[in-house]
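Lettering follows sequence order; numbering is per chain, from 1.
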Protein chains: 2
Amino acid sequence: MASDSRHRPVETVETAFDIVDVVKHTDGAGVTELAAELDLAKSTVHRHVKTLESRGILVREGDTYRISTWFLDYGIHVRNRHRLFDVAKPKVDELAAETDEKVWCVIEEHGMGVHIYGAEGRHSVKTHARIGQRTHLHQFAAGKAILAHLPEDRIESILDDYGLASQTERTITDREELQNNLETIREQGYAFNHEESVIGVHAVGAPIRNESGNAIGAISIAGPANRLRGDLLTDELPDLLLGATNEVEVNLAHS
Amino acid sequence: MASDSRHRPVETVETAFDIVDVVKHTDGAGVTELAAELDLAKSTVHRHVKTLESRGILVREGDTYRISTWFLDYGIHVRNRHRLFDVAKPKVDELAAETDEKVWCVIEEHGMGVHIYGAEGRHSVKTHARIGQRTHLHQFAAGKAILAHLPEDRIESILDDYGLASQTERTITDREELQNNLETIREQGYAFNHEESVIGVHAVGAPIRNESGNAIGAISIAGPANRLRGDLLTDELPDLLLGATNEVEVNLAHS
DNA sequence: GCTACTCGTTCGAATAACGGGAACAGGTTT
DNA sequence: AAACCTGTTCCCGTTATTCGAACGAGTAGC
């Protein structure tokens, strides 16, 4: 981290990815538009875009370039190769079938939570989460479950790096309050989310730990606040969840 | 296409993606390994890798770099933004539930077929296909259904570009034979795959066409050859499939 | 315990490449 | 028909990329 200031990035590569980013966020753009947006010469953008196209990273549709499914190929590859995915997927499916709610498998990467797999129950809410989505760890149940089970210094550095941005009015934005919450989570072994990421949505999340006890991911069950409350939320679902995560941990250790 | 020879790519960007490719295929690699593999100086690779890491494209685990879920994020974004996905997904799920076989939604991109969504039936075979996978159009039912419903000149240029590589001993590798097959597909409105991509697997595929009648994708039903045969394969499944694809086409037109 | 190998990292200097701007070709609008 | 838009091409100057060698650190060998 201290070497960050010393490290000078390859700017040509940065502009290439800047182009990809703009193309993604605009859902397709032309050379002129990209050049204007990124303050580059048209010829420069053109050369980059042609390079990316020849690699199959961008595809051309008339005069606009779009992100290609190259990313889907690589993305799914990443997911399938992740140690957790194979083991967790069947359990996530099971939980969704048993609870009829939305169940997510989340991993930690670079200090953020990444939703790598989600299973629908029959009544599952349309959460705003999407496969591949990155969310700040303090903003949701699975994330807090992960955060609580990381080494103390990593927790500090993550909170330092990203801060405590709010998602809803109920998101925990006070550092001390979060520390208390994490302590409770460690004691209980699971975390709750009371409308902290989406108003009207409650969730329970439990960590998946490796041999050294550090969380590498988590599983969460989410549903409407008026259905996920009382004993169901505080007892039944955590029980089910812990059963699943414990099993995943055991299977992980033997793989 | 003719300008391909004239176009000189941005080499720095190429090396960056070369690095990403090697990291993907080796499932994680270090600086020295990458430098040796790509015949570059260690310092060059180091700078690239640091740049990619700071962007969150690669993640570091000890001394090896891995592909990150950044790709999953972008990949799923691409899929979700595709016009076909929203409309086709529910139909694919329906077909899988009705037939109990593996059902795929495939789109055409850059002259290849990309599997963007697959639904499992209760008895579905473990096909080798994976979300994001790119396959030559002539090698499978959905692909041939697409190929048959493209403008004549595009068909020619795709076949010229990619040739007719074989996947199994039953893959169609003769151009004339393929043309005859495509003609039959156009007459019937759907395509069969008789162990042309995987031995022991049969499939039916039907195109999804836009307003001008050109295929933009296809849906296919695949299953074991000994179950998918006779009337089921030649009549029942095509009927079900065409019902679904027609509906998708109508919904597409009104979206 | 020391040595010898690996790994990632840093530095400076030379050259190759990237980026810019102006001019071109093809289409569509005014 | 002319004025605009688009993507595309060219060449030149300068910068930023690349290389190779040297460094620090950690690990395996004996």
Side-chain angles (χ1 to χ4, degrees), chain A residues 1-24 26-68 110 212, chain B residues 1-23 26-68 110 151 153 157 212:
Chain A
M1 295 287 163
S3 63
D4 262 23
S5 51
R6 263 267 170 277
H7 154 248
R8 225 176 355 187
V10 186
E11 290 179 30
T12 309
V13 175
E14 296 257 27
T15 62
F17 281 101
D18 284 343
I19 289 174
V20 170
D21 280 350
V22 174
V23 170
K24 180 200 175 196
T26 55
D27 271 319
V31 172
T32 312
E33 189 182 344
L34 289 167
E37 181 73 29
L38 294 166
D39 204 30
L40 294 169
K42 279 202 296 180
S43 54
T44 305
V45 173
H46 179 252
R47 216 149 87 84
H48 273 268
V49 153
K50 277 287 176 198
T51 307
L52 295 169
E53 188 197 5
S54 75
R55 279 231 160 215
I57 291 160
L58 298 182
V59 282
R60 205 184 143 164
E61 282 178 19
D63 272 355
T64 67
Y65 289 87
R66 299 185 164 277
I67 301 281
S68 88
H110 227 80
S212 26
Chain B
M1 294 287 163
S3 64
D4 262 24
S5 52
R6 264 270 170 272
H7 153 249
R8 224 175 355 185
V10 186
E11 292 180 26
T12 309
V13 175
E14 296 256 31
T15 62
F17 281 101
D18 284 344
I19 289 173
V20 170
D21 279 350
V22 174
V23 170
T26 56
D27 271 319
V31 172
T32 311
E33 190 182 343
L34 289 166
E37 181 73 30
L38 295 166
D39 204 31
L40 294 169
K42 280 202 296 179
S43 53
T44 305
V45 173
H46 179 253
R47 216 151 86 84
H48 272 271
V49 153
K50 278 287 176 200
T51 307
L52 295 169
E53 187 197 6
S54 76
R55 279 232 161 213
I57 291 160
L58 298 181
V59 283
R60 204 183 146 167
E61 281 178 19
D63 272 355
T64 68
Y65 290 87
R66 299 184 163 278
I67 301 281
S68 88
H110 226 78
D153 54 335
S157 84
S212 24

Chemist: Could you go through nucleotides 25-29 of chain D and list every protein N or O atom that sits under 3.5 Å from one of its N or O atoms, giving the distance for each pair?
Modeler:
none

Chemist: Please list residues of residues 10-22 of chain A whose heavy atoms come under 4.0 Å from any atom in DNA chain D, ordered by number; otherwise none.
Modeler: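 Under 4.0 Å from DNA chain D: A:Val10, A:Glu11, A:Thr12.
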Chemist: Rounded to the nearest Å, what distance is computed from the CG atom of residue B:Leu34 to the P atom of nucleotide C:dT9?
Modeler: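 Distance, rounded to whole Å: 12 Å.
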Chemist: I need a per-nucleotide contact map over nucleotides 22-30 of chain C, read 5' to 3'. Cutoff is protein heavy atoms under 4.0 Å; write B for the base, S for backbone only, - otherwise.
Modeler: ---------
Chemist: Starting from P on D:dT6, measure out to CZ on A:Arg60 and report it in whole angstrom.
Modeler: 14 Å
Chemist: Does D:dT18 have OP1 or OP2 sitting under 4.0 Å from an N or O in the side chain of B:His48?
Modeler: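 Yes, because at least one side-chain N or O of B:His48 sits under 4.0 Å from OP1 or OP2 of D:dT18.
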Chemist: Do you know which two heavy atoms are closest between B:Tyr65 and B:Val23, and how far apart they sit?
Modeler: O-CG1, 3.4 Å
Chemist: Whether B:Thr44 contacts D:dT17 is assessed here as follows: a side-chain N or O lying under 4.0 Å from the phosphate OP1 or OP2. Is that the case?
Modeler: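 Answer no for this pair, as no side-chain N or O of B:Thr44 is under 4.0 Å from OP1 or OP2.
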Chemist: Rounded off to whole Å, could you give me the CZ-to-P distance for the A:Arg8 and C:dT10 pair?
Modeler: 12 Å
Chemist: Return the OG to CZ distance between B:Ser68 and B:Arg55, rounded to the nearest 0.5 Å.
Modeler: 12.0 Å
Chemist: For A:Arg60, which residues count as a side-chain hydrogen bond (donor to acceptor under 3.5 Å, both in side chains) partner, sequence neighbours excluded?
Modeler: none
Chemist: Suppose we screen for salt bridge (charged side-chain N to carboxylate O under 4.0 Å, His left out). Which residues come up paired with A:Glu11, at least two apart in sequence or across chains?
Modeler: none
Chemist: Considering only distance and modelled atom types, tabulate donor-acceptor pairs under 3.5 Å from the side chains of residues 27-38 of chain B, sequence neighbours left out.
Modeler:
unit_1	atom_1	unit_2	atom_2	d
B:Asp27	OD1	A:Arg81	NE	3.4
B:Asp27	OD2	A:Arg81	NE	2.7

Chemist: How many whole angstroms separate atom CD of A:Glu61 from atom P of D:dT6?
Modeler: 18 Å
Chemist: Kindly compute the distance separating CG (B:Leu58) from NE2 (A:His110), expressed to the nearest 0.5 Å.
Modeler: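 Reported value, rounded in 0.5 Å steps: 10.5 Å.
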Chemist: Rounding to an integer number of Å, can you tell me how far B:Asp63 CG sits from C:dC5 C1'?
Modeler: 15 Å
Chemist: Taking side-chain hydrogen bond (donor to acceptor under 3.5 Å, both in side chains) as the definition, give me every residue that meets it alongside B:Arg66, ordered by chain and number, with sequence neighbours left out.
Modeler: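 Scan of B:Arg66 (side-chain hydrogen bond (donor to acceptor under 3.5 Å, both in side chains), adjacent residues dropped) gives B:Glu61.
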Chemist: How long is the gap from CD1 on B:Ile57 to CD1 on B:Ile19, to the nearest 0.5 Å?
Modeler: 11.5 Å
Chemist: Angle between the end axes of the helix from C:dG8-D:dC23 to C:dT30-D:dA1, five pairs per end, to the nearest 10 degrees?
Modeler: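 One end axis against the other gives 40°.
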Chemist: Could you tell me the separation between the CG atom of A:Leu40 and the P atom of D:dT8, rounded to a whole number of Å?
Modeler: 16 Å
Chemist: Nearest 0.5 Å, what's the CG-OG1 distance between B:Asp21 and B:Thr26?
Modeler: 10.5 Å
Chemist: Applying side chain to side chain contact (heavy atoms under 4.5 Å, CB included), name anything that partners A:Thr12, two or more places apart in sequence or on another chain.
Modeler: A:His48, B:Val10, B:Thr12, B:Val13
Chemist: Does a side-chain N or O from B:Arg47 land closer than 4.0 Å to OP1 or OP2 of D:dT17, or not?
Modeler: yes
Chemist: Going from CG on B:Leu40 to CG on B:Asp18, what distance comes out if it is rounded to the nearest 0.5 angstrom?
Modeler: 8.0 Å
Chemist: Output the distance between atom CZ (B:Arg8) and atom CZ (A:Arg47), rounded to the nearest 0.5 Å.
Modeler: 6.5 Å
Chemist: Check whether any side-chain nitrogen or oxygen of A:Thr32 sits under 4.0 Å from OP1 or OP2 of D:dG7, and answer yes or no.
Modeler: yes
Chemist: Name the closest nucleotide to the B:Val31 side chain, picking from D:dG7, C:dG20, C:dT9.
Modeler: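 When the side chain of B:Val31 is considered, C:dT9 is the closest of D:dG7, C:dG20, C:dT9.
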Chemist: Look at the side-chain N and O atoms of A:His46 and state whether any lies under 4.0 Å from the OP1 or OP2 oxygen of D:dG7.
Modeler: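 For D:dG7, OP1/OP2 do not have a side-chain N/O of A:His46 under 4.0 Å.
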